[in-house]
Structures are given as structure tokens and as C-alpha cells.
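Working notes, structure below.
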Amino acid sequence: MAAEPMEQHANLSTLEPAFEAEGIAIREVEWGEMHVDIESFETAFDTTPLMKGLPDDRCQCPHWGYILEGRMTVNYADHEETVEAGEAYHLAPGHLVSMEAGTELVEFSPKDEFKKTMDVVAKNIEASA
């Protein structure tokens with residue numbers, strides 16, 4: 001008997017909470033080789049301290065996404081970009097990101113590269129607790 005096919009669509013209420021604290025809510029799912037998350041930032045948030053220990057202390061995972069509300073600033077070693085509500089984006093490896101309060105986004109990342117990054121992020125969160 002064939003296995004039931006896995007649904008590859010979801011709404012916010014069906015996605016697993018990955019992180020919820022201090023005005024930040026991240027829900028996620030993995031589909032095939034992609035990691036998908038919906039992120040909400042009620043307060044401003046800077047990823048810089050979480051990237052310590054990655055090459056160049058910057059995220060090395062590429063991401064593609066869409067800003068639903070708010071704005072984020074993306075810092076590369078040689079330039080800075082601002083992505084605003086209504087814009088799609090691609091973040092190349094070697095970035096740091098700051099979210100303004102009120103930012104909501106949907107993001108897609110290769111799951112293996114994302115896991116490598118999140119392993120380091122988890123260690124940095126644990127060390128700061």
C-alpha cells in the first residue's frame with residue numbers, strides 16, 4: 001500500500017512554533033529540501049550576536065522571502081540593503097539582518113544550510129542565557 005502523500009501547504013495556525021519570546025514569533029516547516037518559516041517581530045531584532053562563530057560571523061545560508069509588513073536592513077561586508085513591505089528578496093551568504101519593530105515575513109531556505117546556521121545560533125542563545 002502506498003504511503004499517504006505529505007501535504008505541502010499550510011497556514012500560520014498549522015505551522016510548528018520554532019521560537020517565541022520577547023515579541024518574536026517564528027513558525028516553521030520543512031518540505032523536501034526547503035525550510036519554510038513565517039516570522040513576526042513586534043520588537044526590533046538584530047541577528048548579529050547570534051551569528052558569532054559562523055564564517056566571518058555572518059549567516060552563510062541563502063534565503064529567499066517576502067516582507068509582508070515592516071522593514072529589514074541587510075548588512076553585507078561591502079554594502080547595506082533595505083527591504084520593505086511588499087518586496088521579495090534574496091539574501092546571499094555573508095549577511096547580517098536587523099528587523100524593525102512590526103516586521104512580518106515569509107522566508108525559504110535550503111534546509112541543510114539552514115540547520116548548520118541554527119546549530120550555531122542555538123549555542124549562542126544558550127551561552128547568553
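For reference, positions follow the sequence shown, starting with 1.
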Indicate the atoms forming the closest heavy-atom contact of [X] with [Y], along with that distance.
X	Y	result
His79	Glu81	NE2-OE2, 2.8 Å
Thr117	Cys59	CG2-SG, 3.9 Å
Pro110	Trp64	CD-CZ3, 3.8 Å

Interatomic distance, [X] atom [atom1] to [Y] atom [atom2] [nearest 0.5 angstrom]:
X	Y	atom1	atom2	result
His95	Met72	NE2	CE	8.0 Å
His35	Glu113	NE2	CD	12.5 Å
Thr47	Lys52	OG1	NZ	10.5 Å
Arg58	Tyr76	CZ	OH	10.0 Å
Met34	Ser109	CE	OG	6.5 Å
Leu105	Glu39	CG	CD	4.5 Å

Greater than 12 external heavy atoms within 6.0 Å of Glu42's CD: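 No, CD of Glu42 has 12 or fewer neighbouring heavy atoms, counting only those of other groups under 6.0 Å.
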[X] side chain to [Y] backbone, donor-acceptor under 3.5 Å:
X	Y	value
Asp37	Glu28	no
Glu33	Trp31	no
Thr103	Arg71	yes
Glu30	Lys111	no
Thr43	Glu22	yes

Residue that, paired with Val97, satisfies side chain to side chain contact (heavy atoms under 4.5 Å, CB included) out of Asn75, Leu91, Thr73: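 Testing each of Asn75, Leu91, Thr73 against Val97, the sole residue satisfying side chain to side chain contact (heavy atoms under 4.5 Å, CB included) is Leu91.
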Between Glu107 and Tyr89: side-chain donor-acceptor atoms closer than 3.5 Å: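 Side chains of Glu107 and Tyr89: pair found under 3.5 Å.
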SB check Lys116 Asp112 (cutoff 4.0 Å):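 Answer for the salt bridge query: no.
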Non-hydrogen side-chain atoms of Asp119 and Lys115 separated by less than 4.5 Å: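 Sidechains of Lys115 and Asp119: in contact.
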